[in-house]
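Chain naming here is simple, since letters A, B, ... match the order of the sequence lines and numbering starts at 1 in each. None of these values were measured; they are calculated from a predicted model.
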There are 2 protein chains.
Amino acid sequence: MGSVAPTEAEVRVLDAAEELFYARGLQAVGMDAIRGASGVSLKRLYQLFPSKDVLVEAYLRRRDERWRAALASHAEALPAGRERVLAVFDWLERWFAEDGFRGCAFVNSFGELGGVSPAVAEAARAHKDAFRRYLGGLVTEAGAPAPLGGQIALLAEGAIVTAAVSGDPGAARTAREAASVLLAPYFACEPR
Amino acid sequence: MGSVAPTEAEVRVLDAAEELFYARGLQAVGMDAIRGASGVSLKRLYQLFPSKDVLVEAYLRRRDERWRAALASHAEALPAGRERVLAVFDWLERWFAEDGFRGCAFVNSFGELGGVSPAVAEAARAHKDAFRRYLGGLVTEAGAPAPLGGQIALLAEGAIVTAAVSGDPGAARTAREAASVLLAPYFACEPR
DNA sequence: CCACGTGGAGAACGAACGTTCTCCACCGTG
DNA sequence: CACGGTGGAGAACGTTCGTTCTCCACGTGG
């Protein structure tokens with residue numbers, strides 16, 4: 001599964017692609033815009049990514065890895081348990097408040113091309129699956145029953161889409177409170 | 001706010017637009033495809049909807065009205081109260097299991113064009129707002145505190161996006177169970 | 001100096017698409 | 001029959017975009 005070390009031009013292209021695709025959508029961004037934003041010539045761009053589809057898939061792959069790594073690194077600053085589960089929602093809230101937040105890149109891509117591109121649909125499915133499994137792990141390692149992971153994942157998904165469409169980062173806090181209630185029976189006597 | 005009675009051609013165009021836009025996305029469907037599916041000539045199509053943007057907005061407007069009316073008509077078959085709130089998730093489950101279900105048309109449209117078309121972003125915002133307010137009404141008329149409406153709305157949103165991306169209608173049941181737990185404290189002694 | 005490969009800038013090409021225009025068949029009225 | 005208006009089929013137009021091609025400047029090895 002190893003990618004070789006990416007060249008600097010590759011990084012610049014992927015950075016530009018991520019910024020533009022996420023902000024404006026996949027189809028609204030042309031290869032020319034990516035060339036302009038990355039400063040990489042069209043010829044080199046097509047050497048690195050032989051078609052736009054390939055670039056879109058690379059964008060989604062890198063975004064998936066980075067997003068989940070950032071979440072994990074935030075959650076794992078806390079000891080396993082209830083607090084670590086709830087920390088997910090704190091991380092979401094910070095994300096929602098970032099400039100240019102526009103929801104989940106995978107949900108957006110799925111909405112745009114999921115009906116027409118199996119590769120995009122599959123990337124979204126895999127990302128959401130990994131997220132759900134990760135959350136499930138947090139929940140069971142906290143000592144709560146596994147099915148609760150699915151419920152808490154639903155709250156997180158709902159918060160992401162609601163924060164995106166309504167523009168209100170507070171959805172994260174609402175979700176956190178609901179998750180806290182769902183978790184409560186398994187941590188009966190601990191405070192907060 | 002009255003629209004005049006729609007002509008038969010208008011209905012045929014909107015039916016075709018809804019089917020195609022929902023299944024494939026907004027930008028992936030050309031005016032020619034809508035003309036073909038509706039059997040209405042291009043000239044007439046442009047008389048009825050002077051541009052694709054206008055047609056997209058009409059599609060979203062009609063879909064919003066119909067979707068919320070269908071939900072309301074299902075929920076209101078039950079008496080106000082806890083059951084009526086939970087009935088929302090039963091209705092969602094049936095929707096998820098329909099052929100061609102591909103998530104929320106507004107979330108999909110927002111993902112595709114929300115970053116680039118204020119009209120689409122606003123349509124999605126308004127739809128989600130109305131849904132949240134409706135659910136809030138169900139919750140408070142059941143005697144539960146209003147903030148619970150927001151939590152339950154998050155579960156519903158999460159179920160919709162999860163069912164769409166993963167293809168599993170069971171997300172509705174997971175959400176229903178979580179909602180039932182959140183509701184429980186306010187209906188302490190009733191069964192099921 | 002020359003041959004040569006590399007890479008950049010941007011023109012060019014072909015397809016798709018939104019929108020408009022042309023042409024014609026059809027229909028009701030004098 | 002002449003005539004005008006309506007609407008359909010689909011060609012045409014202009015633009016955008018993914019992709020490829022042309023041209024040239026530059027640096028390297030003989």
Side-chain angles (χ1 to χ4, degrees), chain A residues 4-61 108-109 111-120 123, chain B residues 4-60 108-109 111-113 115-120 123:
Chain A
V4 287
T7 74
E8 194 224 332
E10 210 168 325
V11 172
R12 285 228 306 275
V13 169
L14 283 172
D15 286 348
E18 177 157 7
E19 182 163 334
L20 292 170
F21 283 154
Y22 180 69
R24 301 191 211 157
L26 271 14
Q27 296 177 91
V29 172
M31 293 299 268
D32 243 44
I34 288 165
R35 157 185 117 168
S38 66
V40 164
S41 78
L42 221 46
K43 184 142 83 179
R44 211 140 136 70
L45 209 177
Y46 273 95
Q47 280 171 3
L48 295 166
F49 303 94
S51 77
K52 188 179 178 182
D53 288 344
V54 171
L55 177 57
V56 165
E57 283 164 45
Y59 149 62
L60 291 174
R61 191 163 34 249
N108 293 349
S109 301
E112 181 169 359
L113 290 179
V116 105
S117 155
V120 168
Chain B
V4 287
T7 74
E8 195 224 330
E10 210 168 325
V11 171
R12 285 227 304 275
V13 169
L14 284 171
D15 287 348
E18 177 157 8
E19 183 164 333
L20 293 170
F21 284 153
Y22 180 69
R24 299 191 212 156
L26 271 14
Q27 295 175 95
V29 173
M31 294 297 267
D32 242 44
I34 288 165
R35 157 185 116 167
S38 67
V40 164
S41 78
L42 222 46
K43 184 143 85 179
R44 210 138 138 70
L45 210 176
Y46 274 93
Q47 279 171 5
L48 295 166
F49 303 95
S51 77
K52 188 179 178 181
D53 289 343
V54 171
L55 177 57
V56 165
E57 283 164 45
Y59 150 62
L60 291 174
N108 293 348
S109 300
E112 182 170 359
L113 290 178
V116 104
S117 155
V120 168

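Projected onto DNA chain D by closest heavy-atom contact, B:Ser41 and A:Gln27 fall at different nucleotides, the more 5' of which corresponds to B:Ser41. Nearest-nucleotide mapping onto DNA chain D: of A:Ala28 and A:Leu42, the residue sitting toward the 5' end is A:Ala28.
Other residues, nucleotides and ligands contribute more than 12 heavy atoms inside 6.0 Å of the CD atom of A:Gln27. The number of heavy-atom neighbours closer than 6.0 Å to CD of B:Glu19, taken from other residues, nucleotides and ligands shown, is 12 or below.
As rounded to whole Å, 18 Å separates atom C1' of C:dT20 from atom CZ of B:Arg44. Protein atom OH of B:Tyr46 is 17 Å distant from nucleotide atom C1' of C:dT22, rounded to whole Å. Following rounding to the nearest Å, A:Leu48 (CG) and D:dT19 (C1') show an atom-to-atom distance of 15 Å. We find that CE of B:Met31 is positioned 19 Å from P of D:dT15, with the value rounded to whole Å. If you measure from atom NZ of A:Lys43 to atom C1' of C:dA12, you get 14 Å, rounded to the nearest angstrom. Residue B:Gln47 contributes atom CD, which lies 13 Å from atom C1' of C:dT20 at whole-angstrom precision. Atom P of nucleotide D:dG18 and atom CG of A:Asp53 are separated by 10 Å, given to the nearest angstrom. One can place CG of B:Asp32 at 15 Å from P of D:dA12, the figure rounded to the nearest angstrom.
Comparing the start and finish of the helix from C:dC1-D:dG30 to C:dG30-D:dC1, five pairs each, the helix axis swings through 30°, to the nearest 10 degrees.
Minimum interatomic distance between A:Ser109 and A:Val120 (heavy atoms only, all atoms of both residues): O-CG1, 3.5 Å. The nearest pair of heavy atoms linking B:Val40 to B:Arg35 is O-CG, 3.2 Å. The two residues A:Phe49 and A:Ala58 have their closest heavy-atom pair at CE2-CB, 3.7 Å.
Counting atom types as modelled, B:Arg35 pairs a side-chain N or O with a base atom of D:dG10 as donor and acceptor under 3.5 Å.
Within the model, atoms CD of B:Glu10 and CG of B:Leu45 stand 10.5 Å from one another, a figure rounded to the nearest 0.5 Å.
Between A:Lys52 and the phosphate of D:dG18, there is a side-chain N or O to OP1/OP2 separation shorter than 4.0 Å.
Within the nucleic acid shown, B:Val29 comes within 4.0 Å of sugar-phosphate atoms alone, with no base atom in reach, counting heavy atoms only.
Of the charged side-chain nitrogens involved, at least one lies within less than 4.0 Å of a carboxylate oxygen, so that A:Glu8 and A:Arg12 count as a salt-bridged pair.
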